[in-house]
Amino acid sequence: MQKSTLYPTVYILGNGQLGRMLRYAGAPLDITVEPLAFDAPVFELPQDAIITAEIERWAETPLTTMLGNHELFVNKNVFGKTADRFTQKSILDKLNLPTSPWTLVKSAVDFERIFSEIGEKVVVKRRTGGYDGRGQWIVTAENQAVITEDLFGEVIAEKFIPFDGEVSIVGARFRDGTTRFYPVTHNLQQNGILRYSVADNSNAHLQSQAETMLSKVMAHLDYVGVMAMECFVVGGQLLINELAPRVHNSGHWTQLGCSISQFELHLRALLDLPTPELQVFAPSVMVNLIGTQHNAQWLNTPFSQVHWYGKEVRPGRKVGHINLTHPDKSVLITQLNKLRHELPEYYQSGLNWAIEKLK
């Protein structure tokens with residue numbers, strides 16, 4: 001790969017779809033972005049290199065040990081804190097930011113206290129490694145035995161929140177402390193995996209609250225780059241569910257619906273490049289393609305953009321996404337109704353949800 005003569009090379013721990021899209025975003029600006037498989041060989045790093053990551057956790061290999069501890073790894077002290085739900089929730093508590101009541105589960109005898117003090121129904125989550133619905137259990141007194149002895153000390157319990165909706169905000173912090181934010185986005189999770197995001201102006205009443213909360217987190221961590229914050233909406237207020245110190249699935253719509261995508265914004269922040277305020281063109285919808293075969297008819301959808309990741313299709317695996325954008329929401333609804341005939345049955349309820357959000 002030919003190296004940029006303008007900017008340092010950005011190396012990415014991980015070579016999945018997020019690293020791939022960061023590489024695409026860098027190309028027009030002549031920013032060389034090199035996603036790296038965890039088992040890639042160790043190499044001599046240029047003195048001006050920048051290191052980032054597309055995922056919070058990585059296998060321990062000679063390369064990840066070298067890069068993950070390198071002085072050029074931006075935010076290297078952040079990933080360990082946010083990848084562990086115990087330390088992530090502890091940071092939110094320290095900052096007095098609202099999140100669901102929680103505690104570390106050390107042994108089976110803790111459950112009596114948990115059900116009494118936190119709630120009769122809790123969500124037990126692995127401290128590390130659980131994602132996309134894996135490593136999570138809904139637990140009551142009737143099924144607490146599902147948390148086996150090997151999990152104690154490795155899981156936290158959170159109060160089960162009957163939320164009004166799920167949203168996220170994606171923003172970036174630059175080296176001088178300035179920030180940029182995208183609009184708060186509606187999300188629909190199914191089986192623990194984000195399926196749809198709808199970005200319009202219907203969450204404007206939550207924008208200031210969300211920006212203040214995420215700004216506080218990024219400033220505390222002295223974070224540089226894009227970060228996502230997923231929240232529950234309860235009675236018009238936000239409860240932080242999770243932080244992701246990277247570009248995020250719920251920000252994919254920005255590739256088509258905003259003046260600067262989240263991927264380009266991340267690179268601009270890492271390289272400290274001049275960046276205007278973000279301008280949103282129109283309402284947008286992102287449809288995540290999960291475990292479904294490629295359909296060429298998706299390409300025949302006006303005002304859309306198909307991203308296919310080139311992965312083997314397996315159940316529950318993210319294999320692509322479709323962005324849809326148009327100033328007229330009725331056109332977006334027409335687009336979604338077209339996709340009904342080109343997506344499997346299990347997409348239908350989510351398409352109904354997205355259409356309802358646009359009305």
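These values consider heavy atoms only, across backbone and side chains, with no hydrogens, waters or symmetry-generated copies.
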Visitor: What do you reckon, is CD of Q348 surrounded by more than 12 foreign heavy atoms closer than 6.0 Å?
Guide: yes
Visitor: Any chance you could measure L6, atom CG, to L29, atom CG, to the nearest 0.5 Å?
Guide: 9.5 Å
Visitor: For the side chain of Y182 and the backbone of L278, is there at least one donor-acceptor N/O pair under 3.5 Å apart?
Guide: no
Visitor: Using a side-chain heavy atom cutoff under 4.5 Å and only I, L, V, M, F, W and Y, what cluster partners does F160 have?
Guide: V123, I138
Visitor: Can R20 be said to sit on top of Y309's aromatic six-ring, NZ or CZ under 6.0 Å from centre and within 45° of the ring axis?
Guide: no
Visitor: Who pairs with E356 by salt bridge (charged side-chain N to carboxylate O under 4.0 Å, His left out), at least two apart in sequence or on another chain?
Guide: none
Visitor: Tell me who clusters with L243, hydrophobic residues only, linked when side chains sit under 4.5 Å apart either directly or through other members.
Guide: V78, I91, L92, L95, L97, V167, I169, F181, V184, L206, M213, L214, V217, M218, L221, Y223, M227, M229, V233, L238, I240
Visitor: Output all residues satisfying side chain to side chain contact (heavy atoms under 4.5 Å, CB included) with S330, sequence neighbours left out; order by chain, then residue number.
Guide: D328
Visitor: One thing to verify: whether E158 and K125 come together as a salt bridge, which I'm taking to mean a side-chain N less than 4.0 angstrom from a carboxylate O.
Guide: yes
Visitor: Find out whether L13 and L67 are in side-chain contact, i.e. whether some heavy atom of one side chain is under 4.5 Å from a heavy atom of the other.
Guide: yes
Visitor: Below 4.5 Å, heavy atoms only, C-beta onward: do L289 and K318 meet side chain to side chain?
Guide: no
Visitor: What's the separation between atom CG in L271 and atom CZ in F174, rounded to the nearest 0.5 Å?
Guide: 10.0 Å
Visitor: Using 0.5 Å steps for rounding, measure from the CD1 atom of I31 to the CG atom of L270.
Guide: 9.0 Å
Visitor: Kindly say whether R126 contributes a backbone atom to a donor-acceptor pair with the side chain of E154 at under 3.5 angstrom?
Guide: no
Visitor: Could you check whether Y11 and F73 have their ring centres less than 6.0 Å apart?
Guide: no
Visitor: So, using salt bridge (charged side-chain N to carboxylate O under 4.0 Å, His left out) as the criterion, who are the partners of R173 when residues are at least two apart?
Guide: D222
Visitor: What's the shortest heavy-atom distance between L336 and A354, and which atoms?
Guide: CD1-CB, 4.0 Å
Visitor: Give, for atom CD of Q189 and atom CZ of R195, the distance between the pair rounded to the nearest 0.5 Å.
Guide: 10.5 Å
Visitor: Give me each pair satisfying side chain to side chain donor-acceptor pair (under 3.5 Å) with a member in residues 294-303, each pair once, sequence neighbours excluded.
Guide: T301-K338
Visitor: Only pairs at least two apart or in different chains count here, so list each side chain to side chain donor-acceptor pair (under 3.5 Å) that has a residue in residues 254-263.
Guide: H252-Q262, Q255-H307, Q255-H321, Q255-N323
Visitor: Applying salt bridge (charged side-chain N to carboxylate O under 4.0 Å, His left out), name anything that partners R268, two or more places apart in sequence or on another chain.
Guide: E264
Visitor: Going by the rule side chain to side chain donor-acceptor pair (under 3.5 Å), which residues pair with R175 if we only count those two or more places apart in sequence or in a different chain?
Guide: none
Visitor: I'd like to know if the side chain of E56 reaches the main chain of A83, judged simply by a donor and an acceptor atom lying under 3.5 Å from each other, with no hydrogens or angles considered.
Guide: no
Visitor: Quick one: side chain to side chain donor-acceptor pair (under 3.5 Å) pairs with a partner in residues 279-291, sequence neighbours left out?
Guide: N249-N288, S284-T325
Visitor: Under 3.5 Å, is there a donor-acceptor pair between the side chain of N75 and the main chain of P245?
Guide: no
Visitor: Does atom NZ (K106) have a neighbourhood of more than 12 heavy atoms from anything else shown, all under 6.0 Å?
Guide: no
Visitor: Report yes or no: does S215 contribute a side-chain atom to a donor-acceptor pair with the main-chain N or O of E211 at less than 3.5 Å?
Guide: yes
Visitor: State the CZ-CZ distance between R246 and F263, to the nearest 0.5 angstrom.
Guide: 10.0 Å
Visitor: Between F152 and A108, what is the shortest heavy-atom contact and its length?
Guide: CZ-N, 3.5 Å
Visitor: Got a salt bridge between E342 and R340, using NZ or NE/NH1/NH2 to carboxylate O under 4.0 Å?
Guide: no
Visitor: Could I get the full list of salt bridge (charged side-chain N to carboxylate O under 4.0 Å, His left out) partners for E44, not counting sequence neighbours?
Guide: none
Visitor: Can you confirm whether the side chains of H186 and S197 place a donor and an acceptor under 3.5 Å from each other?
Guide: no
Visitor: Is there a donor-acceptor contact under 3.5 Å linking the side chains of S168 and N187?
Guide: yes
Visitor: Taking the side chain as C-beta and beyond, is there a heavy-atom pair between L22 and L267 under 4.5 Å?
Guide: yes
Visitor: Holding to side chain to side chain donor-acceptor pair (under 3.5 Å), I want the full list of residues that pass it with T275, two or more places apart in sequence or in another chain.
Guide: none
Visitor: Hey, could you give me the CD/CD distance between E142 and E120, rounded to the nearest 0.5 Å?
Guide: 9.0 Å
Visitor: Looking at D200 and K357, does any basic side-chain N land under 4.0 Å from a carboxylate oxygen?
Guide: no
